[in-house]
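Shown next, in structure tokens, is the structure this report addresses.
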Amino acid sequence: MNIRNERISILGLGAMGRALASALLEAGREVTVWNRTPGKAGELVARGAREASSVEEAIGTGGLTVACLLDDVSVRETLAPAMRKLAGGTLVNLTSGSVRQARELAGWLEGHGVRFLAGGIMAVPPTVGTEGAFILYSGARDLFDRVAPVLGPIGRPHWVGEDPGFAALYDMAALSGMYGMGAGADHAVALVHAEGGDVETFKREVLRPWMEQMLPITVDGADVSESVPDEYNPAMQATGLQSILSASGEAGVPADLAGHLRASLWRMRRAVAAG
């Protein structure tokens with residue numbers, strides 16, 4: 001089948017589901033959409049999507065079903081009444097969840113004769129379909145090879161292994177890095193604000209260029225061992241981190257915003273103890 005003519009059904013029209021459907025429509029794919037609560041498909045229908053009145057109808061219409069729902073529970077609740085319709089078909093689950101949930105979902109679907117590809121969206125809704133967006137997939141390689149060109153318009157497809165849990169694993173781990181980076185930026189801005197600094201100038205002229213410079217070093221230096229490279233001098237780093245925490249407390253910045261600093265301090269102290 002010509003991939004442009006492959007029929008795709010999207011289950012879930014939250015902000016991300018609508019972004020996925022929009023990118024696929026823009027690429028000329030034939031898209032059917034379904035949402036538990038009606039009323040979210042108007043703009044998509046105006047652009048050529050078909051709105052299904054039930055999950056069974058959506059699955060029956062599409063050659064490929066994509067779930068983008070709230071959580072693992074909602075995926076199971078949505079699919080359970082329609083498993084007979086889905087049997088023999090393919091489901092790509094782009095709903096965020098844990099490694100365990102992805103593996104259990106794969107087993108449940110396999111037991112019903114459904115081919116399954118797990119996914120993790122490395123994008124936010126406004127960036128879906130752009131050059132920077134990419135999608136993690138895990139599951140059978142032959143299934144990925146068939147699905148990847150079909151769903152290519154939503155983001156660059158990246159296969160991370162046969163284990164259906166690996167897409168969720170890498171998704172959760174990457175999000176952890178993102179939230180850690182965001183926590184650091186939030187704390188930095190809070191500290192500047194608390195002491196009367198110019199937040200916008202600080203973000204533009206100091207924080208962004210500094211974080212851009214340090215990002216590759218930070219990622220490359222991430223490690224699970226107790227050691228820290230000698231040039232980082234963990235004892236000195238620990239002293240510096242303690243100074244930042246003290247300054248933060250003196251400025252009245254909420255302690256909850258400094259969790260990332262305590263995590264780094266823990267690592268440096270562990271490295272010092274290990275010698």
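Note that this is a predicted model, so its numbers are computed, not measured. For this chain, numbers begin at 1 and follow the sequence in order.
- In this structure, Trp108 belongs to a hydrophobic cluster whose other members, linked by side-chain heavy atoms under 4.5 Å apart, are Leu11, Trp34, Val55, Ile59, Leu69, Val75, Leu79, Met83, Leu86, Leu91, Leu105, Leu109, Val114, Phe116.
- Looking at Gln101, its side chain does come within 3.5 Å of a backbone N or O of Ser98 through a donor-acceptor pair.
- Of the possible donor and acceptor atoms, none in the side chain of Ser248 sits under 3.5 Å from a partner among the backbone N and O of Leu245.
- Heavy-atom neighbours of Arg262 CZ from other residues, nucleotides or ligands within 6.0 Å: above the threshold of 12.
- Looking at Ser246, its side chain does come within 3.5 Å of a backbone N or O of Gln242 through a donor-acceptor pair.
- Side-chain contact check for Thr61 and Arg7: no donor-acceptor pair (N or O, by modelled atom type) lies under 3.5 Å.
- Checking side-chain atoms of Thr201 against main-chain N and O of Asp198 turns up no donor-acceptor pair under 3.5 Å.
- Glu212 CD: more than 12 foreign heavy atoms inside a 6.0 Å radius.
- Between Lys40 and Glu51 no salt bridge is recorded (no basic side-chain N to carboxylate O distance below 4.0 Å).
- For the pair Arg47 and Glu43, the salt-bridge criterion is met [side-chain N within less than 4.0 Å of a carboxylate O].
- Applying the ring-ring contact (aromatic ring centres under 6.0 Å, His included) test to every pair with at least one member in residues 242-274, sequence neighbours left out, gives these pairs: His187-His260.
- Between the side chain of Glu26 and the main chain of Ser22, no donor-acceptor pair closer than 3.5 Å is present.
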